[in-house]
Amino acid sequence: GENVFLYFWDKRDGEDFSGWWFGDQVGGTEVWALNQSQNLAPPAAGWKVPWDAPASKPGILLVGPSKAAASGPASVAAPSPAASMANKAPTPPPATAAAAAAAAASTVDWPAKLKSVTEQVNSAEADAKEMLASAKNLMSDGGGEAVDAVKEMLTNTQEMLMETQKLLAEDAKEARAAGAAGQSTVAALMKLTPRLRTLQASLAIELNKIKAGVTKPPQAAKAGASAVVKAVPPRVKSPEDKLKEYKETLEKLKEKADVAEKAVESTLETAAPQLENPPSDPASAEAQAAAAEVEKVAKPAQDQIVATKTEIQKLAASMAAGPGIMELRTECQELQKKLSAAQLKLNPYKNFKQMLQQRAVAKKALDLVVEKIEASELEVEKVAVACEGVGGAQMSEEDIASAEAALEPAKKNAQVAFGAADNKVKTATGALKEDVTKLRDRMVKVQAKLEELGKTVVRQRKGLNIEKNMEAAQKRVEAAEEAGEAYEKAEQPFLAEGEVEDAPKLVSAVEQAHKRAEATIAQARASVKKQQTDAKQLAEGAAKAAAERLTSLMERLDTVSKKVSDLAGQTFERKYAEVLGAAFEALVACEAKVRELKEAALPLSVSAESLEALPLAELREAGGRTSAAEKAAATGIAEAKKAMALKAREKKTGGLAGALAQLQGRLTGAQQEL
């Protein structure tokens, strides 16, 4: 009979040719079956027969150890590459094992490692599922020998899954040893473990069913329990010939895809005029006929898309593994994406009558939004007209009131219009959404303009209030100037030469005028200062003009304040001499004696070192003069107090009380100096 070899081929010729093969020799051109599993042991199921079949069929080929293999050496003619790969390197000495493991873990490319392990788990999972399906098919009509074969294959599959899980655990342990670099890999590897356990549980359930005799009774034994299945497949075309055929077919499909895209664009162009200006009555005969024309154009476009996508799927399914195939499959996927995008464009137009109906309803709703926006824009324009030509100038009370009256309804209309546009944006789709979005953006600009106009009106109102307050401040300044003039008039008798008649009464009038002038000046000064602060809030031009005006008012106040102060000092002695007589003279004498004391004590008002340097005679002389001056000053203060006390007993009429208060203040100052 013909020799059959089972062997593993690595990736030297590309991934499409890597895996487990059945052939007439190792690496030969005569091959019958292929399984692209990368496991170390031959896979039990998932074989493609012939090798270039689009997919494996459950039960077509089952592989497991033969009875001869169980009792003796394997019958494979040459060792597979995978078997040679399974040889392990010598185990390092115990003292260096941990260090070697840590060093190895730190150099591992963990993303690539995770990809490789995931592929192994996927392959093992596919093999196990294929084996389960094959086992169920065999048991449905198999005999005693079939039961034994199924048991053996399921058991081998269990062992394969256990080995895969063991390798998975070792990889996870190695990743943990890598520290932070391998943590994400550990988490990903742990997610693979439940998949293997689920399959192991399914295999265990199936084995238990067989052992319990739940399955159908065995039928006549079937030949072929052995792992080796002989097949004589027909000769296949060379990979180069097939690749050429695939490319030619794909080019034709690209042309068909272009035709489909153009058909879709034609549909959209036919429908565009109706969508831009939908009919007021979509149910009219004219509108229905136009919609039917669009649907008529859309149908061949739909048929072309479906037919082309089907052909692409068939081509991709027929591609056998080989050089250049992966690139062609990628091109097929991109072509399918292109057609899917065209399909999405076309879908709404397949039922264009309904689409047109929805568009007409949406257009009416859109028109309502437009009306609200236009009304809002009109209100804003009214406010703008009221504020027109303002610049940096101050608006009148009438203009501000007009602007404020227009501002409130403008705000309400803008809020309603923006709300309507915003709600439509949330519910609209397609071209309508674009239109409504533009309207909402238009309303955003309207609101921004309205907000700026509102700030202008508020600023103008403040400016008007400040202007009114400046008028009030100016009146206060004028009142202060008048009070200063009244005080100056009251002081005239004491400025003129000669004796002043009824001096106490005149002094009283002067004091009242002086107090009134000082109080009026203080009030006006506070008012001007406040307006200087408020004026800074005005626009640049208005603020500058207000500052100049207020500065002028403050200068006028300074002038009248100085005039009042100078007059009070100029007439002080004459006024109080006329009213107080001896008491005033005693105070003047007292103040003179205090000044003499200060002069006498001047030589002693030096540092201790300077005093020690003075001759004793000079010290005695200075001390004597100071002592005499001190006694004289004390006597003068006592006499002034006595004179003032006598004057205070008189009837306090006219300016006597105020005059005594003035003298008392000066006497207290003299006493403090003493």
Side-chain angles (χ1 to χ4, degrees), residues 54 241-320 322 324-364 366 424-425 427-439 441:
D241 292 339
K242 287 194 172 186
L243 183 63
K244 182 179 179 182
E245 290 181 5
Y246 296 151
K247 287 183 177 180
E248 291 174 352
T249 305
L250 185 58
E251 288 301 320
K252 293 178 181 179
L253 290 174
K254 287 181 180 179
E255 294 176 1
K256 291 183 178 181
D258 289 338
V259 172
E261 279 192 315
K262 290 178 181 178
V264 172
E265 293 301 326
S266 176
T267 303
L268 269 59
E269 290 173 1
T270 304
Q274 298 183 62
L275 291 177
E276 290 175 3
N277 189 20
S280 56
D281 183 13
S284 66
E286 183 180 354
Q288 290 290 306
E293 182 64 26
V294 173
E295 293 177 358
K296 183 179 178 181
V297 177
K299 187 167 188 321
Q302 175 66 40
D303 295 341
Q304 184 69 25
I305 291 174
V306 173
T308 307
K309 291 186 76 172
T310 302
E311 290 186 49
I312 295 171
Q313 291 173 352
K314 289 181 179 179
L315 175 61
S318 68
M319 289 182 182
I325 295 300
M326 292 301 294
E327 290 80 0
L328 289 181
R329 285 178 175 165
T330 301
E331 289 189 52
C332 287
Q333 291 174 357
E334 293 301 322
L335 202 55
Q336 290 282 37
K337 289 180 182 178
K338 184 178 178 181
L339 288 170
S340 296
Q343 181 70 70
L344 286 175
K345 286 184 180 179
L346 183 64
N347 283 340
Y349 297 86
K350 293 188 314 187
N351 188 0
F352 188 67
K353 293 177 183 177
Q354 180 180 354
M355 183 181 182
L356 194 62
Q357 173 73 29
Q358 294 172 348
R359 186 62 184 231
V361 173
K363 180 69 166 52
K364 290 181 180 178
L366 191 64
K424 286 298 177 185
V425 167
T427 57
T429 57
L432 178 63
K433 189 176 186 72
E434 295 179 6
D435 293 341
V436 179
T437 301
K438 291 178 182 177
L439 288 176
D441 294 342

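The first residue in the sequence is number 1, and the count goes up from there.
Between Y349 and E295 the shortest heavy-atom distance is O-CG, 3.9 Å. Across every non-hydrogen atom of P54 and A317, the tightest pair is CB-O, 3.3 Å. Listed here is the closest heavy atom pair of Q304 and T308: O-OG1, 2.7 Å.
Taken to the nearest 0.5 Å, the CD atom of E245 stands 11.5 Å off from the CE atom of M319. For the atom pair CG (L335) and NZ (K337), the distance works out to 11.5 Å, reported to the nearest 0.5 Å. Note: D258 CG to L339 CG = 9.0 Å, rounded to the nearest 0.5 Å. To the nearest 0.5 angstrom, E261 atom CD is 7.0 Å from K345 atom NZ. Rounding to the nearest 0.5 angstrom, the gap separating the OG1 atom in T310 from the CD1 atom in I305 is 11.5 Å. Rounding to the nearest 0.5 Å places CD of E311 at 11.5 Å from CG of L250.
A heavy-atom distance below 4.5 Å is not found between the side chains of I312 and L315. With a 4.5 Å cut-off on side-chain heavy atoms, L243 and L328 count as touching.
Between the side chains of S318 and K242, no donor-acceptor pair of N or O atoms lies under 3.5 Å.
Put simply, the side chain of S266 never gets that close to the backbone of K262: no donor and acceptor are under 3.5 Å apart.
Using a 4.0 Å cut-off between charged side-chain N and carboxylate O, D303 and K299 make a salt bridge. Using a 4.0 Å cut-off between charged nitrogen and carboxylate oxygen, E293 and K296 do not count as a salt-bridge pair.
The local environment of NZ in K256 is sparse, with at most 12 non-hydrogen atoms from other residues, nucleotides or ligands closer than 6.0 Å.
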